[in-house]
Amino acid sequence: TFSLVLLIEQNQEISFTFLTFHHSSEAVLFPDWAYKPAWSPGSRQVQLWHFLLELLGRGEGGAISWGGEWGEFIIRDPERLARLWGERKGKPHMNYDKLSRALRYYYNKHILHKTKGKRFTYKFNFSKLILVNYPGFPSSPHRSPISRFMFRK
DNA sequence: CACGGAAAGC
DNA sequence: GCTTTCCGTG
């Protein structure tokens, strides 16, 4: 588990996505700016793990859903998930073979690991999740207009 | 299926 | 830098 401290400045509204887990009393509160794609100029485009959290947070359930363990998720419909991801990225030929290669690149970056022996099952390394910087926080020396969560190495 | 190298795309 | 594409290997 980890705790999150937020510094709220005056008159600032922050939208949150509340991610809950089926078989756990634990939950993660994600500020939307921490992982959702920004639309402002200079924005980076959405990353796959952002997209996965977005679907999981919506509880959409058909293509992907949380598993039994903390941070674990199961891809219920691999080709449908790939199609949704492909639509988001403008890649009409996306499929699970290619999407899963992108997931495997996350292993070395400590974002995900595989739940071995369980088909289509991966696990977020939430214990390595850290907050980089808060948008507009004046004392941050290297502040950028877009703040993010990152997975600590 | 799952893995990871290699190369290309953006 | 983060995939996307392709593919040989277990």
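Below, chains carry the letters A, B, ... as their sequence lines are ordered, and counting in each starts from 1. Atoms considered below: every heavy atom in the structure, side chains included; atoms not considered: hydrogens, waters and symmetry mates.
Note: CG (A:Asn95) to P (B:dC1) measures 10 Å, nearest angstrom. Regarding A:Leu99, its CG atom lies at a distance of 14 Å from the C1' atom of B:dC1, rounded to whole Å.
For residues 106-130 of chain A, the pairs satisfying salt bridge (Lys or Arg N to Asp or Glu O under 4.0 Å) are A:Glu69-A:Lys123, A:Glu72-A:Lys118, with sequence neighbours left out.
Between A:Leu52 atom CG and A:Leu99 atom CG the span is 7.0 Å, to the nearest 0.5 Å.
A:Tyr96 pairs by the side-chain hydrogen bond (donor to acceptor under 3.5 Å, both in side chains) definition with A:Tyr122, not counting sequence neighbours. For A:Tyr105, the side-chain hydrogen bond (donor to acceptor under 3.5 Å, both in side chains) partners at least two apart in sequence or on another chain are A:Arg101. Residues forming a salt bridge (Lys or Arg N to Asp or Glu O under 4.0 Å) with A:Glu87 (at least two apart in sequence, or on another chain): A:Arg83. With sequence neighbours excluded, no residue satisfies side-chain hydrogen bond (donor to acceptor under 3.5 Å, both in side chains) with A:His110. Listed by chain and residue number, nothing satisfies the salt bridge (Lys or Arg N to Asp or Glu O under 4.0 Å) test with A:Asp97 (two or more places apart in sequence, or in another chain).
Where A:Lys109 and A:Lys98 meet DNA chain C, the nucleotide closest to each residue was compared, and A:Lys109 sits on the side nearer the 5' end. DNA chain B is contacted by both A:Pro78 and A:Asn108; A:Pro78 maps to the nucleotide lying nearer its 5′ end (nearest heavy atom per residue).
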With 3.5 Å as the limit, what N/O pairs link the protein to nucleotides 2-4 of chain B?
from, atom 1, to, atom 2, distance (Å)
B:dA2, OP1, A:Phe120, N, 2.8
B:dA2, OP2, A:Tyr96, OH, 3.2
B:dC3, OP2, A:Tyr107, OH, 2.7
B:dG4, N7, A:Arg101, NE, 3.2
B:dG4, N7, A:Arg104, NH1, 2.7
B:dG4, O6, A:Arg104, NH1, 2.9

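Using a 4.0 Å heavy-atom criterion, one finds that A:Leu48 contacts the sugar-phosphate atoms exclusively. Residue A:Lys91 is classed as a sugar-phosphate contact, given heavy-atom separations below 4.0 Å to backbone atoms only.
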Practice item. For A:Gln45 and A:His50, run side-chain contact (heavy atoms from CB on, under 4.5 Å): C-alpha distance rounded to whole Å, both residues' side-chain angles, the deciding distance at 0.1 Å, then the answer. Key: CA-CA 10 Å; A:Gln45 64 170 354; A:His50 302 159; over 6 Å; no

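Bracketed by its first and final contacts, the part of DNA chain C lying under 4.0 Å from non-hydrogen atoms of chain A reaches from C:dC2 to C:dC7 in 5' to 3' order.
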